[in-house]
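Here is the structure we will look at, set down as structure tokens.
This structure is a prediction, so every number in the text was calculated from the model and none was measured.
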Amino acid sequence: MAPRKNFRNQAKKEVKPAAVVNKNGVKAEATVAASGGGFSGTKIFTWFMVLALLGVWSSVAVVWFDLVDYDNVIGKLSAYDADGDGDFDVEDAKVLLGKLVQTTERTEEEEQHPSTPSQELQAPEGESPNAEGALVKSEATSEESFEGKLEVKAGSFEALSEAAVQVEENHALVKSIRKALFNICYLCCHIMLIAFIFLAVIFFPLYIFQKMLRTSPRISFKKKVIAYFIYISMAERSNQSLSEVLFFVSAKKKKPKLLNKFEKTIKMEIDAAEKLRKKGKMEEAVRAFETLVLQYPQSPRCRYGKALAEDGLAEKMLSNDMLQKAIGTYKEASELPNATPDLIKATLKKRAERQQFLGRMRGALATLEKLVQIFPEDVALKNDLGVAHLLIGDNKGAKRIYEEVLATAPSDGFAKVHYGFILKSENKIAESIPFLRDGLESGDPGTDDGRFYFHLGDALQRMGDDSAYKWYERGHLRGHFASVWQRSLYNVDGLKAQPWWTPKDTGYMDLVKTLERNWRIIRDEAQSVMDKTTGLFVPEEENLREKGEWGQFTLWQQGKKAGESCRSVPKTCGLLERYPEATGCKRGQIKFSVMQPGTHVWPHTGPTNCRLRMHLGLVIPKTGCKIRCTNDTRAWEEGKVLIFDDSFEHEVWQDADSYRLIFIVDVWHPELTQYQRQTLSPI
């Protein structure tokens with residue numbers, strides 16, 4: 001028979017922890033190791049943070065709350081405070097000196113002319129009845145006594161002034177020490193605060209996470225391995241982020257050296273003229289620098305200052321002539337001998353910028369080419385040169401520049417987004433995507449531009465990638481787009497935004513009625529010029545088609561009438577002449593649009609929210625033709641007007657058996673003022 005187990009006694013037994021023998025043969029209790037006993041990493045971290053913060057805040061308290069008695073450093077001179085400001089300084093010395101001199105003079109006068117009590121009561125202080133006689137008496141004083149008085153005065157002033165100067169020096173020393181201590185403590189606080197945030201928020205939880213993985217019996221070995229790799233990745237990322245933050249705190253912007261050796265000797269004169277310019281006194285600054293240029297004609301810095309002053313004066317006067325003068329002065333400054341490299345770079349960059357402002361793009365291109373020749377290793381200058389090529393429409397030249405940049409600096413985000421933009425303009429859609437995406441993700445200066453978000457999203461859409469809308473969302477959050485759907489880049493804030501409009505919403509009821517009443521006349525004139533031999537209808541050139549044929553015949557562009565085109569369709573143009581909201585729309589067009597079967601127009605948006613677009617149906621097949629604006633799809637009808645805001649995303653399909661013909665009329669957004677309509681730039 002098996003013996004009975006005494007479960008009660010067994011439960012009462014104490015289970016001793018198993019001893020663990022280390023490499024040296026010393027036994028250690030397992031419970032100590034398991035419970036984290038001893039001086040663990042957690043305790044080291046805690047004590048380190050406590051002591052560090054205690055030291056930092058103690059230093060701040062000493063400096064900020066004046067816990068040190070600085071009177072002992074300065075000396076016990078506060079007893080001689082004569083002006084009531086709480087300390088002894090030069091002003092106190094002057095007051096005491098004045099009292100001493102006045103006392104000396106009155107003592108000598110009293111010895112020679114003792115006054116009676118009645119005279120002292122009757123005469124106000126400083127206005128004795130014998131003042132005139134006293135003056136004569138003073139002039140008759142012997143030379144010896146006069147010299148003796150001077151000696152007394154001089155001796156007194158010398159003694160007191162020496163004490164005052166010593167006090168001022170002590171004050172200045174103490175103030176500089178206090179300022180240095182405070183700056184040191186302030187920097188330490190910032191560094192410790194950053195370190196505390198990263199250590200407390202990231203490293204400490206990661207340490208606990210690591211310890212939990214090692215000791216928890218509920219987590220399988222496979223899950224521990226996966227979690228441990230996650231932990232390692234997070235720790236590396238945290239360490240990298242901390243290094244970046246500390247580098248950012250310690251980094252200082254290098255100040256350009258604009259003065260050569262000689263100009264350092266006239267720095268005060270240059271600074272005086274520069275001060276006038278910075279205060280906005282441009283006329284005085286120009287005169288001051290002109291004087292300096294006359295005095296020092298070989299000084300590049302004086303010439304550069306003159307150019308800056310002329311530039312500021314041109315902006316103040318709104319004068320292109322003055323700006324052209326400044327551009328010439330910039331060139332003169334850059335060509336003078338002994339100009340420092342930093343001054344040459346600053347001068348020519350400013351010159352190129354102002355040339356572009358005046359629309360002299362080829363002149364700016366030549367200036368930037370000269371800069372790149374002088375500073376061939378400067379990637380930023382090469383990037384600017386690439387932009388200059390784009391501004392004159394030289395995409396091939398720009399492409400060559402950015403290929404050179406990416407060969408030497410493959411991670412340059414600015415070069416990537418521009419190179420991707422060029423590839424997309426060449427219809428190399430798939431190739432453009434990684435450059436646009438990587439450039440935007442880099443966050444480099446010059447990459448956060450709505451055009452790059454626009455073209456990256458468009459490229460992804462054409463490749464059937466739904467992540468396009470994520471990039472549109474990013475562009476919207478960055479303030480480049482009004483919404484994910486409305487992605488125009490040249491906008492006026494505050495205008496009513498909706499994809500589809502009714503004639504009543506626009507307020508252009510008369511124009512709509514005119515178009516719908518005369519739609520057959522407009523159709524007949526359009527069909528009369530559709531013959532391909534006339535060449536009036538030209539293919540769409542904005543690269544918006546995926547496939548098919550799409551032709552257009554323009555009557556008004558940017559508010560300007562195409563006279564030759566209107567002579568071909570005089571009745572249509574005559575109907576529109578009395579509607580300035582359409583013919584005067586500088587950000588729109590009036591045109592016929594013919595689309596052949598099998599045509600698909602990519603999803604796209606117009607350039608501006610300042611216009612609305614009217615479509616008058618002229619020849620519409622019964623089925624197969626439709627237009628989508630945002631998520632609402634509609635179809636045209638012959639003789640009817642559809643109105644939508646083309647700054648919202650829209651897409652067109654033509655899957656009928658015959659052509660589709662419509663008349664497009666752009667009109668100003670009804671909420672634009674007359675002043676805005678007159679002053680907005682054409683698109």
Describe, in one word, how the ring planes of Trp501 and His669 are oriented to each other, choosing from parallel (under 30°), tilted (30 to 60°) and perpendicular (over 60°).
perpendicular
Under a 4.5 Å cut-off applied to non-hydrogen side-chain atoms, are Trp668 and Tyr508 in contact?
yes
For Ile392, does its backbone N or O pair with a side-chain atom of Arg362 as donor and acceptor, under 3.5 Å?
no
Do you know the tightest heavy-atom contact between Gln356 and Leu391?
NE2-CD1, 3.8 Å
Scan Arg462, Arg634, Arg628 and name whichever one has a salt bridge (Lys or Arg N to Asp or Glu O under 4.0 Å) with Glu651.
Arg628
Does Lys331 NZ have over 12 foreign heavy atoms under 6.0 Å away?
no
Once rounded to the nearest 0.5 Å, what's the spacing between atom CG of Asp448 and atom NE2 of His480?
3.5 Å
Using every non-hydrogen atom in the two residues, find where Glu671 and Gly494 come nearest and quote the distance to one decimal.
OE1-O, 3.8 Å
Please confirm whether the backbone N or O of Ile327 pairs with a side-chain atom of Gln355, one donor and one acceptor, at under 3.5 Å?
no
When the ring planes of His418 and Tyr402 are compared, do they come out parallel, tilted or perpendicular, using 30° and 60° as the limits?
parallel
Can the ring centroids of His615 and Phe644 be said to lie less than 6.0 angstrom from one another?
yes
Checking Ser647 side chain against Gly606 main chain: does a donor-acceptor pair fall under 3.5 Å?
no
Are there more than 12 heavy atoms of other residues, nucleotides or ligands under 6.0 Å from atom CD of Glu377?
no
For the side chain of Arg677 and the backbone of Cys585, is there at least one donor-acceptor N/O pair under 3.5 Å apart?
no
Side-chain donor or acceptor of Asn491 paired with backbone N/O of Asp493 under 3.5 Å:
no
Other residues, nucleotides and ligands only: do more than 12 of their heavy atoms fall within 6.0 Å of CD on Gln558?
yes
Let me see the working for Phe592 and Val529 under side-chain contact (heavy atoms from CB on, under 4.5 Å), right down to the final yes or no.
CA-CA 10 Å; Phe592 293 104; Val529 296; 5.5 Å; no
Taking the side chain from Gln486 and the backbone from Ser483, do they hold a donor-acceptor pair closer than 3.5 Å?
no
Where the side chain of His650 meets the backbone of Phe648, is there a donor-acceptor pair that is under 3.5 Å apart?
yes
Heavy atoms of Glu540 and Asn543 approach each other most closely as OE2-N, 2.9 Å
For Phe375, I'd like to know if atom CZ has over 12 heavy atoms of other residues, nucleotides or ligands within 6.0 Å.
yes
Donor-acceptor pair, Asn518 side chain versus Thr514 backbone, under 3.5 Å?
yes
May I ask you to check whether over 12 heavy atoms, not counting those of Lys571, lie within 6.0 Å of atom NZ?
no
Got a donor-acceptor contact below 3.5 angstrom from the Asp444 side chain to the Gly413 backbone?
yes
First locate atom CZ of Arg487, then atom NE2 of His604, and finally report the distance between them rounded to the nearest 0.5 Å.
10.5 Å
CG-OH distance between Leu618 and Tyr659, expressed to the nearest 0.5 angstrom:
9.5 Å
Above 12 or not: heavy atoms from other molecules or residues under 6.0 Å from CD of Glu315?
no
Non-hydrogen atoms of Lys416 and Pro410 that approach each other most closely:
CE-O, 2.9 Å
Apply the test side-chain contact (heavy atoms from CB on, under 4.5 Å) to residues Ile643 and Val512: give CA-CA distance (whole Å), side-chain angles for both, the deciding distance (0.1 Å), then the verdict.
CA-CA 10 Å; Ile643 308 174; Val512 172; 4.2 Å; yes
Should we count OH of Tyr469 as having more than 12 external heavy atoms under 6.0 Å?
yes
Would you name the heavy atoms of Asp646 and Thr608 that are closest together and state the gap between them?
OD1-O, 4.4 Å
Closest approach of Ala459 to Ile429 (non-hydrogen atoms, all atoms of both residues):
O-CG2, 3.5 Å
Donor-acceptor contact below 3.5 Å, side chain Tyr472 vs main chain Asp458
yes
